[in-house]
Peer 1: 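Can you read through this structure? Questions will come right after.
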Amino acid sequence: MPDTPPIIQVRDLRKVYQSGDVPVEALRGVSLDVRRGEFLAVVGPSGSGKSTLFHVLSGLTPATAGSVTIDGIGIAQLDEAGRTALRKDKVGIVFQKYNLLPTLTAEENIAIARHISGKDIAWGPAFQEVLKALGIENRLHHKPRAMSGGEQQRVAIARAIVNNPAILLADEPTGNLDTQNSEIVLSLLRELNQKTGQTILMITHNPEAAAYANRTIRMRDGLIAG
Amino acid sequence: MLNQLVFENLKHRPLRTLLSAAAIAIEVAMILTLVGLSDGTLDESKRMRRGIGADIVVRPGSTSVMSFSGVTLPEKLVEYFQQQPDVEIATGSAAHGIPGGLMESASGVDLAKFSTMSDGLRFLSGGPFQAPKDIIVDERYARTKQLGVGSTLKLWDKNWNVCGVVEPGKLSRVFLPLPVVQELASAPGKLSQIYIKLKDPSRTDAVVKALKDNPQLGSYQVLSIDELASLFSIDGFPALRQFISVVIGLGVVVGFLVVLLSMYTAVLERTREIGILKSLGASPAYIMGILMRETLILSITGAVAGIVLSLVTQWTMNTFGGSALVQKMVPHWWPYTTLLAIAGALLGTLYPAMKAVRHDALEALSYD
Ligand SMILES: Nc1ncnc2c1ncn2[C@@H]1O[C@H](COP(=O)(O)OP(=O)(O)OP(=O)(O)O)[C@@H](O)[C@H]1O
Ligand SMILES: [Mg+2]
């Protein structure tokens with residue numbers, strides 16, 4: 001589909017961290033297109049800038065220079081409120097740590113994402129099917145501490161996509177999981193991408209995990225290396 | 001949805017929740033008790049003055065309503081008033097402070113005349129003075145001091161014999177024959193107040209004016225009973241009003257500080273959770289809303305508990321407290337005090353909430 005515009009368009013993105021006296025150039029001119037419906041893996045050694053890219057794309061930190069367009073919205077121009085609103089509507093994020101709210105049940109953790117985006121907290125049958133596919137539909141009334149890491153991560157994925165975001169961003173989603181649970185989560189991401197056409201950008205340093213994606217890009221020293 | 005989150009947060013730290021609500025409860029109870037005490041005590045004094053049955057009161061020139069110490073009016077004034085055509089009956093009393101009693105005093109009266117004026121002291125038990133050391137007390141005084149007819153009451157280092165217990169609400173709680181009090185006060189032939197009952201009460205204002213205009217009475221204070229009663233309102237006691245304002249202010253500050261501290265620790269403890277909410281796209285208003293809701297629940301619960309607590313202090317005060325202070329229920333202050341407590345608590349949440357909102361989401365997410 002070369003005609004449809006990319007859902008993410010990154011041009012010459014730079015990010016400089018000013019920690020102490022020495023500025024750290026985490027991103028040194030990244031350009032990248034992600035097509036709608038793509039499952040893209042970003043790999044690279046530690047410190048190559050993968051997480052920084054994730055943070056900029058999710059609006060958790062502003063870019064220093066360059067342009068980033070997500071689903072038609074230029075995020076470099078957005079202030080903090082605008083970047084926050086981006087996560088509510090356009091971008092679903094999944095972290096290595098599952099980041100569920102510990103006092104709420106799985107169901108409530110998912111519902112609060114809908115509430116924050118201003119939607120009716122009850123979801124429809126289509127999403128119920130997604131929960132079934134994620135294998136957590138029977139765990140909904142449990143609190144995070146009563147669930148395994150794999151289950152918690154699947155709840156986090158469900159929460160990230162409950163508002164039908166343009167893109168699902170995941171930073172090392174299997175980083176805390178054992179092999180078996182990693183395989184389950186990665187298969188689920190692939191299935192989600194294939195069945196619902198959910199665009200996914202997954203960061204990992206594990207080549208085996210990257211193999212689940214349609215395409216893999218490599219980062220090195222704050223640049224895309226191929 | 002939010003309520004669920006707020007409720008779980010409150011449940012998560014039950015002791016903190018309890019202590020914050022308790023602080024607000026004490027704040028509210030403190031205010032209501034103080035207002036109830038001042039209103040109740042003033043009302044009671046007012047009722048006692050009205051209970052005398054007089055239309056006009058004459059007092060020494062420069063005394064405040066709460067002081068009965070000035071036994072300076074010459075007794076012959078009573079005769080002068082008695083001779084006035086409008087006057088039906090005039091009688092005087094002398095007051096002598098009871099040591100250790102808060103604003104309490106014993107009244108020396110001419111029992112026969114006083115009874116005629118006030119429609120008779122109603123004896124619940126016993127009767128008028130018989131012997132030189134006889135004393136009459138009202139029911140409330142008897143209850144708090146556990147007295148009955150025949151008991152001995154020690155006052156001014158003398159033993160008195162309780163000869164009668166009367167219904168409360170007439171001038172004083174403790175009565176003695178007039179000469180006895182005059183002797184105690186070392187003021188023979190002097191009075192603290194003179195009460196005048198008119199043949200036609202509708203002439204009160206005219207008579208008050210005439211007496212005020214009489215140059216011979218220039219150094220005395222002539223008041224209609226309504227004027228006297230109006231002095232027994234909070235408006236008559238600017239210092240008391242100030243004191244109440246100070247206590248209310250302190251109460252609100254304490255509530256504010258406790259909530260500030262409590263919400264500050266709550267926000268610190270939940271740094272990560274707040275970061276998670278931000279990662280889901282929660283706006284500053286959304287996060288503020290959660291914290292404010294939590295405070296609202298705390299302060300409303302605390303205020304309701306405080307109202308209940310003030311009823312407990314009222315019961316305790318009126319059952320075990322002295323006879324001088326009367327606490328009454330002040331329901332019209334409930335909403336006002338509740339709103340004050342809520343406002344103080346919300347104000348206390350403002351700083352922690354701002355801190356939560358300002359905290360960088362990424363930093364918050366890496367917080368353990
Ligand atoms: N908040 C920050 N302040 C200062 N420097 C930072 C900050 N975050 C990241 N960096 C630096 O930016 C560079 C890129 O870091 P980043 O976290 O993006 O790497 P990464 O590819 O995700 O590594 P890993 O695989 O270890 O997660 C590193 O040199 C890192 O030290
Ligand atoms: Mg990283």
Peer 1: If you apply the rule side-chain hydrogen bond (donor to acceptor under 3.5 Å, both in side chains), what do you find for B:Thr33 with B:Gln314, and how did you get there?
Peer 2: CA-CA 7 Å; B:Thr33 299; B:Gln314 179 180 338; over 6 Å; no
Peer 1: Give, as side chain, backbone, both or neither, the part of A:Ala111 having an atom under 4.5 angstrom from any heavy atom of chain B.
Peer 2: both
Peer 1: Tell me, for A:Leu100 versus chain B, whether the close heavy atoms (under 4.5 Å) come from the side chain, the backbone, both or neither.
Peer 2: backbone
Peer 1: Need one label for B:Arg272: side chain, backbone, both or neither, based on atoms under 4.5 Å from any heavy atom in chain A.
Peer 2: side chain
Peer 1: Any idea which of A:Lys88, A:Arg87, A:Arg114 has the most non-hydrogen atom pairs under 4.5 angstrom with chain B?
Peer 2: A:Arg87
Peer 1: Please say whether more than 12 non-hydrogen atoms of neighbouring residues, nucleotides or ligands are located less than 6.0 Å from NE2 in A:His205.
Peer 2: no
Peer 1: Tell me, side chain or backbone of A:Leu60 under 4.5 Å from chain B's heavy atoms, or both, or neither?
Peer 2: both
Peer 1: Counting only heavy atoms closer than 4.5 Å, note whether B:Leu5 contacts chain A via side chain, backbone, both or neither.
Peer 2: both
Peer 1: Given heavy-atom pairs under 4.5 angstrom as the criterion, report whether the side chain, backbone, both or neither of A:Arg83 touches chain B.
Peer 2: neither
Peer 1: Answer yes or no: are there more than 12 heavy-atom neighbours, outside A:Glu80 itself, under 6.0 Å from its atom CD?
Peer 2: no
Peer 1: Can you confirm if the NZ or CZ of A:Lys15 lies within 45° of the ring axis of A:Tyr17 and under 6.0 Å from the centre of its six-membered ring?
Peer 2: yes
Peer 1: Using a 4.5 angstrom heavy-atom cutoff, name the option from A:Val91, A:Asp89, A:Thr103 with the most pairs to chain B.
Peer 2: A:Thr103
Peer 1: Before you tell me yes or no, could you show the steps for B:Lys11 and B:Glu8 under salt bridge (charged side-chain N to carboxylate O under 4.0 Å, His left out), namely the whole-Å CA-CA distance, both residues' side-chain angles and the distance that decides it to 0.1 Å?
Peer 2: CA-CA 5 Å; B:Lys11 229 172 53 180; B:Glu8 290 295 338; 3.7 Å; yes
Peer 1: Chain A: which of B:Asp360, B:Leu2, B:Asn9 shares the most heavy-atom pairs with it under 4.5 Å?
Peer 2: B:Leu2
Peer 1: With a 6.0 Å cut-off (strictly less than), is the heavy-atom count around NZ of A:Lys143, excluding the residue itself, greater than 12?
Peer 2: yes
Peer 1: Who among A:Ala113, A:Pro102, A:Ser117 has the most heavy-atom pairs with chain B under 4.5 Å?
Peer 2: A:Pro102
Peer 1: Heavy-atom distances under 4.5 Å only: say whether A:Ile93 touches chain B with side chain, backbone, both or neither.
Peer 2: side chain
Peer 1: Fit a plane to each ring of B:Tyr264 and B:Tyr351, take the angle between them on a 0 to 90° scale, and name the class: parallel (under 30°), tilted (30 to 60°) or perpendicular (over 60°).
Peer 2: parallel
Peer 1: So for atom CZ, which belongs to A:Arg220, do other residues, nucleotides or ligands contribute more than 12 heavy atoms lying within a distance under 6.0 Å?
Peer 2: no
Peer 1: Please classify the contact of A:His115 with chain B as side chain, backbone, both or neither, using a heavy-atom distance under 4.5 Å.
Peer 2: both
